[in-house]
There are 2 protein chains.
Amino acid sequence: MEKFQLPTLEDVARQAKVSTATVSRCLSRPETVRRSTRERVMQVVGELGYTPNFGAQAMAAKRTNTIGAVIPTMDNAIFAKGLQAFQEEISNRGASLLVASSSYRKDVEEKQIRSLIARGVDALLLIGDDRDNEVYDYLAKRRIPYVLAWNHRKGARHTFVGFDNFRAAYEMAERVVGYGHRDIAMIAGVTDSNDRARDRLSGVRQALSDHGIPGLAVTECAYSIDAAGDVFETIVSGDRRPTAIVCGNDVLAAGAIIRAKSMGVEVPRDISVTGFDDIELATVVEPGITTVHVPHGRMGRSAATALFTALENRRPRSRRLETRIVERQSLAAPRQ
Amino acid sequence: MEKFQLPTLEDVARQAKVSTATVSRCLSRPETVRRSTRERVMQVVGELGYTPNFGAQAMAAKRTNTIGAVIPTMDNAIFAKGLQAFQEEISNRGASLLVASSSYRKDVEEKQIRSLIARGVDALLLIGDDRDNEVYDYLAKRRIPYVLAWNHRKGARHTFVGFDNFRAAYEMAERVVGYGHRDIAMIAGVTDSNDRARDRLSGVRQALSDHGIPGLAVTECAYSIDAAGDVFETIVSGDRRPTAIVCGNDVLAAGAIIRAKSMGVEVPRDISVTGFDDIELATVVEPGITTVHVPHGRMGRSAATALFTALENRRPRSRRLETRIVERQSLAAPRQ
DNA sequence: TTGGGCAATGCAAGCGCTTACATTCCTGTG
DNA sequence: CACAGGAATGTAAGCGCTTGCATTGCCCAA
């Protein structure tokens, strides 16, 4: 490949007959440069098509204007919407987003975190709080601000921007009980390395126990329609069929509902099903899924805001977003 | 914030009693260093918890191991799946992914491309080929390799890794005609700045025209279930109701189907509907959507491969992936 | 033993930018 | 008209790494 040179700060400086310092200031703190000088410089910048060299800028300024995010997977509407909003906010503020995914695996997540940091991200968005302490220590040692999203825990050492999975699940379970259900099963997400799944599970457990309903049958299940369908089939074919199934999220609920249909089981007449997240899927299956609405967009934007607060060396505050139950048709009173 | 220093190459070098050059080589081309030396160095690297400084490395090596992607939106399963696969492949090869989204707007996309390049990405993934020539000139001038995905055009100057939207849409339209439909309408995506939407539209047009069916009524529509529902309602309420509606993608088709249900119009008995993309949504609505299956995962991985080929200074080849029609229940013969 | 030749290592010059500090230029005031 | 003092600009020292080239070390053949 033949040689070619991009213009440098020095080229601009020379042509505008100022020092490199002045050019640099024109670009980063224009108000410190006299108007006439600034205009001359910017003119040359335009003519030459000058763009700062990223590496040099990063090295000299010790900052990359890049924010990292490690999410379980992009291929799931739960994260897509929030991440999209997060990205827009980041981008509006002149920074960029470096994303990595962990496939819900703790070891992979840790590797990705280290890799993003090695790549010079100024701050990190992480999902939930279930990771080894060394990871947090590492972040602290490197002075990397971070925000934990998609969950919220009171009085914790971390900055959360999310919602209370436990409480939301508790309320949903209470709602199910309120409809008169006593035989309730749960299809939960895989709880290993997943505090959100775990909190939703405990929320349901707690609610039932508070209402004097013993022995919740729980099956953990990967977030896939088919897998959830299989679990549903097993549950329904068992000797004691529950009258309601609380699902860890909408994907699981959709899987249950779709399988029910193909088995000739009618939802909610024969069995009720509830979801969590309120993604598009919940509105699209028939019957519509009664689920917990989560303000994903607001969460993403808010997480970005918190991160920028941290980058300004101000302590960001945790923020708990409200969820609410959206009733559609998949939950009804049990048949007598 | 108190001062703190991360260990540098020099710290490692000093402690391992070698030069910085040797440490650098241990890290990047270990085979050029004698085993005993290398082990001693790596030992110190471990003890100190040394990580290369990204900015310095980028500046000195003129390469960031970072790949950029500008997609219309993350919040759409069409891109999510492909991007997830792309990211995994990138990550496996030791690079990172910088993503930005354009909201289907040409001007925003251009800004994002420039911003990613300013951020030092080594290569770019872009969707489709509909952009101003200056953008390609800019990429050429900066010597940034790029791959265009989600579409494929024969003999073009660009590297495509995608599928032939025109042909796939053509085949789908032919299939619809094959079922006996003559009154066909189309709900297309917004074609402005979107070559995929445009190609799908022309594919359908061409097929109908080749089969002697004149006058396709087309309505463009944003990719949203509700918007598509509204369009569907308008079409169906018109004085000449078509017997089939070909949709630009599955989201549009789902919107049509859902609205049909609420209007008491039965699909496919009263009207047939087809989709495009074969996202999860297509399997979840009732009736299931007859659609064009696109190998999103393979496309994402393949795009990554092509990009790495380009980065090794070898000319990457365009690649056309096969699509196929998946028949579900939303397409059937028209009633007599 | 000697020297050739390759492998291993060291030296040091950048890479392009930011910024603390020094210097120069203005402006308004006495 | 001189000068204080702030505003504008310049000077130059890094930032931490890679890599071309120079040097040293080592092994083996003669």
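Please read these numbers as outputs of a predicted model, since none were measured by experiment. A note on names: the letters A, B, ... follow the listed sequences, proteins ahead of strands, and every chain is numbered from 1. Keep in mind that the numbers below use all heavy atoms, side chains included, and drop hydrogens, waters and symmetry copies.
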Axis bend over the full length of the helix from dT1(C)-dA30(D) to dG30(C)-dC1(D), computed from five pairs that close each end, to 10 degrees: 40°

side-chain contact (heavy atoms from CB on, under 4.5 Å) against Ser96(A), all qualifying residues, sequence neighbours excluded: Leu98(B), Ser115(B), Arg119(B)

Close residues, residues 31-47 of chain A, relative to DNA chain D [heavy-atom separation under 4.0 Å]: Val33(A), Arg34(A), Thr37(A)

First encountered from the 5' end of DNA chain D, between Thr22(B) and Lys17(A): Lys17(A)

For the student: nearest non-hydrogen atoms of Leu9(B) and Thr20(B), plus distance: CD1-O, 3.7 Å

Of residues 51-59 of chain B, the positions that come close to DNA chain D - non-hydrogen atoms, cut-off under 4.0 Å: Pro52(B), Asn53(B), Ala56(B), Gln57(B), Met59(B)

Results of ring pair (Phe, Tyr, Trp, His ring centres under 6.0 Å) for Phe308(A) - residues two or more places apart only: none

Short side-chain to backbone donor-acceptor contact, Asp11(B) and Thr8(B), under 3.5 Å: yes

Side-chain donor/acceptor of Asp75(A) to backbone N/O of Ala80(B), under 3.5 Å: no

Side-chain N,O (Thr20(A)) to OP1/OP2 (dC17(C)) below 4.0 Å: no

Trp150(B) ring center within less than 6.0 Å of Phe163(B) ring center: no

Which pairs of donor and acceptor atoms, one on a side chain in residues 120-128 of chain A, lie under 3.5 Å apart (sequence neighbours left out)?
residue	atom	partner	partner atom	Å
Asp122(A)	OD1	Thr64(A)	N	3.0
Asp122(A)	OD1	Thr64(A)	OG1	3.3
Asp122(A)	OD2	Thr64(A)	N	3.3
Asp122(A)	OD2	Asn65(A)	N	2.6

Distance in angstrom units between Arg29(B) CZ and dA7(C) C1', rounded: 13 Å

For chain A, the stretch of DNA chain D it reaches, first to last nucleotide, under 4.0 Å of its heavy atoms: dA8(D) to dG16(D)

Gap separating the CG atom of Leu6(A) from the NZ atom of Lys141(B), nearest 0.5 angstrom: 7.5 Å

Touch class at under 4.0 angstrom, heavy-atom based, for Thr8(B) against every strand present: sugar-phosphate

Proximity to DNA chain C (any heavy atom under 4.0 Å), residues of residues 111-119 of chain B only: none

Residue pairs involving residues 19-36 of chain B (criterion salt bridge (charged side-chain N to carboxylate O under 4.0 Å, His left out); sequence neighbours excluded): Arg35(B)-Glu39(B)

Set of residues satisfying side-chain contact (heavy atoms from CB on, under 4.5 Å) with respect to Glu47(A), sequence neighbours excluded: Gln15(A), Gln43(A)

Ring-face cation contact, Phe160(B) with Arg320(B), 6.0 Å cut, 45° max: no

Side chain to side chain donor-acceptor pair (under 3.5 Å) pairs, two or more places apart, involving residues 48-59 of chain A: Thr51(A)-Arg142(B)

Side chain to side chain donor-acceptor pair (under 3.5 Å) partners for Arg157(B), two or more places apart: Asn133(B)

Flag, side chain of Arg301(B) to backbone of Phe86(B), donor-acceptor distance under 3.5 Å: no

Atom-to-atom span, CG of Leu27(A) to P of dC17(C) - whole angstrom: 9 Å

5' precedence on DNA chain C between Arg25(A) and Tyr50(A) (nearest-nucleotide basis): Tyr50(A)

Exam field: side chain Gln112(A) to backbone Ser101(A), donor-acceptor pair closer than 3.5 Å: yes

Main-chain N/O of Arg105(A) paired with Ser103(A) side-chain donor or acceptor, under 3.5 Å: no

